[in-house]
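Model, not experiment: these values are computed from the prediction. Below, chains carry the letters A, B, ... as their sequence lines are ordered, and counting in each starts from 1.
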Amino acid sequence: MIRMENVHKAFDDNHVLQGMNLDIPQGTSMVIIGGSGTGKSVALKCILGLIKPDSGMIYVDGKDAQKGDRDAFLARFGMLFQGAALFDSLPVWQNVAFRLLRGSLKRPADEAREIAIEKLRRVGLKANVADRLPAELSGGMQKRVGLARAIAAEPEIIFFDEPTTGLDPIMSGVINDLIREIVTEMGATAMTITHDMSSVRAIADNVAMLHGGVIQWTGPVGQMDASGDPYVEQFISGSAEGPIEAVR
Amino acid sequence: MSPISLLGELGRAILNMLAAFGRVALFALDAVSHIFRPPFYPREFGIALLNIGWLSLPVVGLTAIFTGGALALQIYAGGARFNAEAVVPQIVAIGMVRELGPVLVGLMIAARVTSSIAAEIATMKVTEQIDALVTLSTHPMKYLTAPRVLAALITVPALVAVGDIIGIAGGYTVATQNLGFNPAAYLKNTVDFLEARDIVSSLVKGAAFGVIAAIMGCYYGMSSGRGAQGVGRATKGSVEAAAVLILAANFVLTGVFFSL
């Protein structure tokens, strides 16, 4: 469903992606792992068109992601941002129903609010959260609202950018379980970037290890521990010894 | 430093400045073009009208009334040196309407509105809210910039008109209460002296300054760097640029209206 072919991206002399290749089959959950600053978020933003790659091709359903109707393209995606990226000035329900209140998916405000409350319930939040502002919520609740917003328009493809960063282990577990459940239930194609191994095991069907601007290893999550790849092994063990430099 | 490298640095600085002007000009054209192209966001436009227009009234009113009062005192003191104290109503009126009203309102808007727009949009950028807008199929220029620029285009001339009236009222109060002017004669002299083109120039300047203030806030916000420092730099840069551009535009527009 999503294919990246020889994608390059540099910021001045920092060559972040150096020929990244990746395939994500439809209806599967791909988790990209890799150290901080290795280009995981850049790869994700290149697919969405938030960052333009210097070279290489990105296909979604066999079509060039950089061509065609942009609104229709983006309407297929939902995304949970690392810091949730909720709009401070809007109450929670309007954040969740943002897409349903404007643009091609617009519907009456009452209906949009009902859907928002239903999605909030789906991520374990009560209806009384709907009228609060994002700043009044804890980090974990903000992530859940971000997740509710990502799934509100029932997208075919969902991206999760560091979904558990900054959360305690219990809340991380809750978010991981929610992501797994929702992705399975919706039959969506998911791409998650993380360096949290508990998230990888909870969310992934397939795993890809990004280092040095290229995918070093990719395979089913069940084969990850026995991959034999030194990058993956070092990343799983968290050892300072190995091909990944501890000081970057 | 050798003369060649000095020349190189100078050339680089000039090129950077020209490039910055080019980026701002392209951004401004893009922003204005989005005002006329759907989708439109009436809620965001309404909020911008309230924030830029209504909520700026207190600061504009206070600035204008004190300036008008001080202007009356200065003109009276200066005029007394050559027995021309009687020109206070005319000079206060023309000074406020043609020059001080639009410029002071413009600078107040730069301080209050440009800084607020830049800080808000820059914070949205560093917290990935702008990226979130894009992923939600919403064009940031349409959602954030166009409503603010249109609201400033409409409300700042209105604020200038209010500032002009309050400034003249400040001069009137000081002249009639402290300087012994006859109230009816003061008002008659003010009304008789002002021409339609004085008022038109004031409103045109207000519209231009409003657009400058909003565009600089949006531009610096959208091009903000990372973190708190990036937000701070964007805010500071937006106010500096807006203030300088407002004063430069005032000079140009004054020249244009003089030549008419």
Do you know the tightest heavy-atom contact between [X] and [Y]?
{"X": "A:Arg149", "Y": "B:Leu136", "result": "CD-CD1, 3.8 Å"}
{"X": "B:Ser137", "Y": "A:Leu74", "result": "OG-CB, 3.6 Å"}
{"X": "B:Thr135", "Y": "A:Leu50", "result": "CG2-CD1, 4.1 Å"}
{"X": "B:Glu128", "Y": "A:Gln82", "result": "OE1-N, 3.9 Å"}

Do [X] and [Y] come within less than 4.5 Å of each other through their side chains, counting heavy atoms only?
{"X": "B:Val134", "Y": "A:Lys45", "result": "no"}
{"X": "A:Arg102", "Y": "B:Glu44", "result": "yes"}
{"X": "B:Arg43", "Y": "A:Leu90", "result": "yes"}

Other residues, nucleotides, ligands: >12 heavy atoms within 6.0 Å of [X] [atom1]:
{"X": "B:Arg233", "atom1": "CZ", "value": "no"}
{"X": "B:Gln229", "atom1": "CD", "value": "no"}
{"X": "B:Leu29", "atom1": "CG", "value": "yes"}
{"X": "A:Phe11", "atom1": "CZ", "value": "yes"}
{"X": "A:Glu111", "atom1": "CD", "value": "yes"}
{"X": "A:Arg3", "atom1": "CZ", "value": "no"}
{"X": "B:Asn16", "atom1": "CG", "value": "yes"}

Completion exercise
Interatomic distance, CE@B:Met124 vs CZ@A:Phe87, rounded to 0.5 Å, equals 5.5 Å

Handout entry: Region of A:Leu101 that comes under 4.5 Å of a non-hydrogen atom in chain B
Key = neither

Practice task
Check each atom of A:Asp88 against the heavy atoms of chain B and say whether the ones under 4.5 Å are side chain, backbone, both or neither.
Solution key: both

Problem - Region of B:Leu133 that comes under 4.5 Å of a non-hydrogen atom in chain A - result: both

Exercise for the section: Report the relative orientation of the aromatic rings in A:Phe98 and B:Tyr143; use parallel for angles under 30°, tilted for 30 to 60°, perpendicular for over 60°. Expected result: perpendicular

